[in-house]
Structures are given as structure tokens and as C-alpha cells.
Amino acid sequence: MAGIYIHIPYCKQACHYCDFYFSTSLNSKQAYLAALAKEMDLRMAYLADEPIHSVYLGGGTPSLLTEDDLAGIFNELNRHFSIAPDAEVTLEANPDDLSPQKLNQLRNSPVNRLSIGIQSFEDEDLVYMNRSHTVAMGTEAVQMAREYGFKNISIDLIYGTPGLSDELWRRNIRKAVALGVQHISCYALTVEPRTALDHFIRSGSITGPVDEQSSVHFEILLEEMKKNGFIQYEISNFAREGFYSRHNSNYWLNEAYLGLGPSAHSYNGLSRQWNVRNTNQYIRSIEQGKVGFELETLLPNTIYNEYILTSLRTIWGTDLNRIRMMGENYLRTCEKEVQKYIQSGDVIRKESQLFLSDKGKLIADRISSDLFAV
Ligand code: SF4
């Protein structure tokens, strides 16, 4: 199931924790959209005419685009690629952009899934993160999206912020469930280098997240999601039956995807490449008839390590038969290193599949890195 990701590199304001590529100036938007259409010309062969089952507009903040901007992008997509009639078309949106007029426009566009950046149902948290909306705006945006007929809505939540007690986090999850969304992505707040959050914590003006608190929040998350019938199909992603994100699943199941726009990544099973992380440089290189990107040809060790990293985190688990096909040496490494985690109850082996237990999910990164080939 091949997919296309389009990066929209614009935001209204900078969230303090964010290290995605974006600009708060929209001056280059028209030139960027023209360059995006040209990039489609240059890269239409990348997915070798495979039908596209997932289109994902991420960013940045794609909901900042106007109705005409979006119509232009979808026209170009249809002109260059064979988008499957039942493709999942997701648009990331911030609550403050989702006015009734906007939702009406989106309902009349190919977008059939919204991923709304709620992040928290606590205003204090939203201020800490420098989000551009309030809790009331977030709640109303989800309710209105449902009223306007969106039947596939995902929301993002962040836990581990210093002001978020265990009880407040539990209340956040319950509010998310009560809103009737089909998909919830939950991430622990992390302090990325060179973000505003990093700077404020270093200068002592605010406190940062504490690992122990995030671990407790993760345990609460698993408990509440299970209780409410959500399926944890990846460590940070929960969905109602039939609502797994195709875009995310493509990534975890090693399907090919084409990334368009500055900083967007592409993958075709043999190599991984990432576009230049600067909109002006991106536009200039496209205008000269080439895409500015870096490329990594995937060596056998990388293919194995990436498979371990992505598969172990998912409901589908790690398939030892597939590892055998990569090479007996990888199978030996994996089976030897995983033994201690099977004994400690962090990994469960069912025939030729490995899965993380709930306890193991708390140390997923450590387990994966222990299984890596070096
Ligand atoms: S809206 Fe999203 S992409 Fe933009 S700064 Fe905030 S988190 Fe980052």
C-alpha cells in the first residue's frame, strides 16, 4: 500500500517543544506550492505507478492552507499519481483553524480523515507548550468536525508535562474517549535539542518532564485505553477496530512512500532519502529542475535494525521467519539477545513472532537496541 506524504512547512506560532521543520512566515507559500507541483513532475516515477492508498498532509500546519491551495494540491496529485478511489486522505489540523466554514470546505475536498492537534485538555499545559488554542477551542473543533460529517478523526495528546498530575492525565484520556474520536496518538513530552523548551529548561525558567512521571502516565494510558476498547496497534497509537492509520501503518510495515516538500522523507525498500530542510533552498533547487535531498542506501544491517525498531513496537510484532530471510546471522543475534527479555517477561514469543508485553513497552527502545546488529 504505497503512500504519499506532503509537508506543509508553515505554522501560526512555534510550539515550544517542536523540532519539526516549519516557518511562521507564509511569504513563500505561493512559490512553495508551485515548487511542490514541480516536485511531483520530477518524482512521479518514484513509486513506479503503484496505486496510492494513503495521502497525508502533515507539517507544519496544513490547516493553514486555503480552499484554493488544497484544491491545487489535489489536482496536481491526481494529475501525477493514481490515487486509489478509497484512499485514506488525512489532513493535520490545529483546532484554531477549524471554523465551520473551514470544515465545510474540507468536507467538500478529498480529505476524509482529520488529525487534530489537541495535545491537552488542560489550559495550563497548552500555555506551557505555547499552543495556539485553548481547551475550549480543541473540544469544539472535534465536536464540530463530527457534526460536519467526519467519521475518521484522530487526536494527538502529550503526557509528562510537569503540571500534569496522574489524575489530570487520566481525566485527559477520558475526555478524549468521550469526544468519540476513532484514533488517539499519545506521546511523552520530550525535550529536543535547540527547541525553545530546551532553552527555557536550561536557563531554569521552567521545569522539564520527569522520566518516572512519564512512565506512570504511560501505564495509566494503557489501562484507560484497554478499558475503553481502543486497540494499541503501536506503542503510541490507539484506534477503534478498522481505524488504524494507513499512513502510520505503511511506515511500520515497511511499505514504500514518497515524501514531498522540504524535510520530507521517502522510502522505497532500497534507500531512504530526505529533502533539504529549508523552504527557500527547496524552491530554488526545484526551480533548477532538481530536488535537493540526501540519500542513504540501506545496507543489510540497517534493514535488519530498522525492521526490529519498527516491528517490535507494533501489534503485528517481529517475525523471525522474515529475519531468517535477511540472513541466519541476524536470526542468531535476535534469538540470542531476546532470550533475557523473554525470561524477564518483557517480550512474549508466540511461535515465530515476538511481541512486547505491557511491561516491555516501557523499555521498548532499550530492547530494540539490544537486538540490533552492529
Ligand atoms: S503546530 Fe505542530 S508543527 Fe507547528 S510548531 Fe506546533 S507542533 Fe510544531
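For ligands, and for the atoms within them, numbers begin at 1 and follow the listed sequence.
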Point to revise | Option of least heavy-atom distance to atom 2 (Fe) of ligand 1 (set: Ala14, Gly58, Gly60) | key: Gly60

Check your understanding: What's the shortest distance from atom 6 (Fe) of ligand 1 to any protein heavy atom, and which residue and atom give it?
Key -> Cys15 SG, 2.3 Å

**Study point:** Atoms of ligand 1, numbered as shown, that sit under 4.0 Å from any heavy atom of Arg131
**Key:** 1 (S), 6 (Fe), 7 (S)

Point to revise | Close-contact set for ligand 1 against Gln13 heavy atoms, below 4.0 Å | key: 5 (S)

Check your understanding: When you check the side-chain N and O atoms of Thr161 and Asp125, is any donor under 3.5 Å from an acceptor?
Key -> yes

Review point. Can you tell which of Tyr257, Trp316, Tyr233, Tyr244 makes a ring-ring contact (aromatic ring centres under 6.0 Å, His included) with Trp252?
Key: Tyr233

Revision key, fill the gap. Ligand 1 to Thr61, heavy atom cutoff 4.0 Å, flagged ligand atoms 1 (S), 4 (Fe)

Practice item. Provide the number and element of each atom of ligand 1 under 4.0 Å from a heavy atom of Asn94. Key: 1 (S)

Practice item. Please determine if atom 6 (Fe) of ligand 1 has an N/O/S atom from Cys18 lying under 2.8 Å away. Key: no

Review point. Checking Ser357 side chain against Gly345 main chain: does a donor-acceptor pair fall under 3.5 Å?
Key: yes

**Study point:** Ring-face cation of Arg240 near Phe243 (centre distance under 6.0 Å, axis angle within 45°)
**Key:** no

Exercise for review: Identify, for atom 4 (Fe) of ligand 1, the protein heavy atom at the shortest distance, and state residue, atom and that distance.
Suggested key: Cys11 SG, 2.3 Å

Review point. Counting only N and O atoms by type, is there a donor-acceptor contact under 3.5 Å from the side chain of Asn78 to the main-chain atoms of Phe74?
Key: yes

Revision key, fill the gap. closest protein heavy atom to atom 7 (S) of ligand 1 is Tyr17 OH, 3.4 Å

Practice item. Please tell me if the side chains of Glu287 and Ile283 come closer than 4.5 Å, counting only heavy atoms from C-beta onward. Key: yes

Check your understanding: Asn108 side chain to Asn104 main-chain N or O, any donor-acceptor pair under 3.5 Å?
Key -> yes

Point to revise | Contact check, Gln119 vs ligand 1, heavy-atom distance below 4.0 Å | key: no

Check your understanding: Does Glu92 come within less than 4.0 angstrom of ligand 1, counting non-hydrogen atoms of the residue?
Key -> no

Check your understanding: In terms of heavy-atom contacts, does CZ of Arg277 have more than 12 from other residues, nucleotides or ligands at under 6.0 Å?
Key -> yes

